[in-house]
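Written below as C-alpha cells is the structure these notes are about.
Reckoned from all heavy atoms, side chains included, excluding hydrogens, waters and symmetry mates. Letters go in sequence order (proteins before strands), and every chain restarts at 1.
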Protein chains: 2
Amino acid sequence: MSAHIFVVEDEKPILTLLTYNLQKEGYKVSSSSNGEEALSSIKEKKPDLVLLDWMLPDLSGIKICQYLKQDEKVKNIPIIMLTAKGEEEDKVKGLNTGAEDYMTKPFSFPELLARIKSLLKRVKPNIVSEEATYLDLKIDRESMKVFRKEKEITLGPKEYKLLDFLIKQPKRVYSREQLLEHVWGDDINVESRTVDVHITRLRQSINIEGAKPLIRTVRSAGYSLEN
Amino acid sequence: MSAHIFVVEDEKPILTLLTYNLQKEGYKVSSSSNGEEALSSIKEKKPDLVLLDWMLPDLSGIKICQYLKQDEKVKNIPIIMLTAKGEEEDKVKGLNTGAEDYMTKPFSFPELLARIKSLLKRVKPNIVSEEATYLDLKIDRESMKVFRKEKEITLGPKEYKLLDFLIKQPKRVYSREQLLEHVWGDDINVESRTVDVHITRLRQSINIEGAKPLIRTVRSAGYSLEN
DNA sequence: TAAATATTTAACAAATCTGTAACATTACTC
DNA sequence: GAGTAATGTTACAGATTTGTTAAATATTTA
C-alpha cells in the first residue's frame, strides 16, 4: 500500500518536478499552491506526509504547520518543511512549531526521498491501532470483532477487510478500483462491480434497527464510510 | 498491572513533562539524568521500557544502549531513543545498536505514547506468570497441569504449548502462521493445516460435558481462545 | 419525460475454507 | 527393540464465502 503525500508549494516548476518524481517512486500525490485550501484539503484527505513550502502568498508555512499540529486529528501526520536560503533563522521556529523535518532549497531530490522514507517508516506502523471507531461502529482488530452500538456483528472475511480499510479514513471516498487494490490485492482479477455486491453485503451486516446507514455511495466515484 | 518506564533525560523541563504525562497514563515512572547512574539503576530495577535521551553529559545514549543490549539480563527491555534534530546521521547507528525505536525531538506526546504502547504490547506477553486462567480454564506452568472447572485435564505436549500460548492473550486471533512460529518454532517446516488438527485435538481435550467450547475459529484468519 | 447511466439486490454456481478421520512416520519408554 | 505415544499429512465431506449475472431501482442528462 503506497503512501499518500500532500505537497504545498506555489512555485509551479518545483511543484511539477516534485509531483513527477514522487509519483515515479510510487507515491500518491496531491497538492495545493494555496495555503487556506491546503489546510482544509489536508484535514479532509489525511495524507501520510506533508511537504510544506515555507513561503506561500496567502498563509505562511509556519502558520499552516501550527494549525495542523494543533488539530488532534492530523497532528500526527509528519511534515517536512521546504525553506529557502534566507529563512534559516526561522528554522528553529519552524521545528518548534512541530515540523518533523526540514530541507533547504535548492535541495537534492534523493536526499528528500531518503527523509521521506525514513519519516514514513517511523510513522506508518502506528497509524493502525488495535481499535478503530466511527460513530457507534467499533472494530477490534485484536479479536477481529465488530460492534455496532455495543452489539456484536458477524462479518464475512471480505466484509471485515473492507470495513477495516474504510474505517481507517472515515468519510474518504474510495473508487472501486482503489478498494479492489487495497482490500482484494493488486494482482487479483475481479470485476469492479463486485465491489458493489460486497458493499451491499457489508451494509446489510452493519445495519441495525433504528440506526443510520453508514456507507455512502458517491455516484460515479465510489464509496465511503459516512452517514 | 501497569508497566514500569525508566526515563533517562537530563533536560529538566522535558523530564518533568514526560514524567507527569506518563504517570497520568497510569505508568510507573523512574528516572535519572545521569548516564552512569541510569545504567546501574536500570540493571537493578528492570523496568519494562526505557526512554533514553541521546545526549547526556557523562555518557552518550548510544553507549548506554550498547551496554544494556550486551547485558543478558536486560537486553530484552525495549529502548526508545530520543534524539535531537542535529543528530540525524547517528540515527542509523543508534538503531543498529539495538534500540527498538527512536523519536526526534521535539516529538508529539500522543505519538510517543502510541509507540510505547505498541512496544509494551510486543514485550509484555513474554512476561509469563506461573498461573494463567481464562474463565474456568486454568494452567499451572510450574506443574504443567491444566484444569477445567477444578478437574485436571491431560494434554499432549503440543496441545499444552498451544494452550499455553493462546492463554497469554485470550481473545486475540492468531493466524496459523503465527501459531506455527510461536508454538512450533520458526525454522520448523510444517504445513499450516497441521495447526487445524492440533486445534481439534486441543478442543477435544479441554472440552467438558456441559461447558462452552473455548476455541473460536475465525474463518480465513485463524483461532483464538474465547467462547 | 424519455433515454442513458449508474447502483442495488437476489440468485446461483464456483471457489475456498474448515473439521476430522485415517494413516504414516517419528519419538519416546520401559 | 518392541510397544506406546505423539506428530504430521492427506483426503474428503460439509459449510461458508465469493464472484458473476441479470433484473429491478434510482439518478442524471438531454
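Legend: residues meeting side chain to side chain donor-acceptor pair (under 3.5 Å) with A/Ser33, ordered by chain and number and at least two apart, are absent. Looking at residues two or more places apart in sequence or on another chain, you find a salt bridge (Lys or Arg N to Asp or Glu O under 4.0 Å) between A/Lys43 and A/Asp71. Residues meeting the salt bridge (Lys or Arg N to Asp or Glu O under 4.0 Å) test with B/Lys138, sequence neighbours left out: none. Partners of B/Thr133 by side chain to side chain donor-acceptor pair (under 3.5 Å), not counting sequence neighbours: none found. Take A/Glu11 and apply the salt bridge (Lys or Arg N to Asp or Glu O under 4.0 Å) test, not counting sequence neighbours, and it matches A/Lys105. Under the rule for a ring pair (Phe, Tyr, Trp, His ring centres under 6.0 Å), the partners of B/Tyr174 that lie at least two apart in sequence or sit in another chain are B/Phe165. Listed by chain and number, the residues in a side chain to side chain donor-acceptor pair (under 3.5 Å) with A/Ser220 amount to none (sequence neighbours excluded).
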### Task
Summarise protein proximity over nucleotides 12-25 of chain C in one line of letters, 5' to 3': B for base, S for sugar-phosphate only, - for none, counting protein heavy atoms closer than 4.0 Å.
----BBBBB-B---

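Residue-to-nucleotide proximity on DNA chain D shows that, of A/Val190 and B/Gly156, the 5′-proximal contact is made by B/Gly156.
Note on residues 209-218 of chain A: pairs passing salt bridge (charged side-chain N to carboxylate O under 4.0 Å, His left out), not counting sequence neighbours, are A/Arg216-A/Glu226. Among residue pairs with one or both ends in residues 189-208 of chain A, those qualifying as salt bridge (charged side-chain N to carboxylate O under 4.0 Å, His left out) are A/Arg176-A/Asp196, A/Arg193-A/Asp196; sequence neighbours excluded.
One end of the helix from C/dT1-D/dA30 to C/dC30-D/dG1 points its axis 30° away from the other end's axis, with each axis taken from 5 pairs and the angle rounded to 10°.
You can see that DNA chain D meets the heavy atoms of chain A within a 4.0 Å-exclusive cut from D/dT17 to D/dT28, reading 5' to 3'.
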### Query
Can B/Glu130 and B/Arg141 be said to form a salt bridge (charged side-chain N to carboxylate O under 4.0 Å, His left out), step by step?
CA-CA 5 Å; B/Glu130 284 301 323; B/Arg141 296 191 168 101; over 6 Å; no

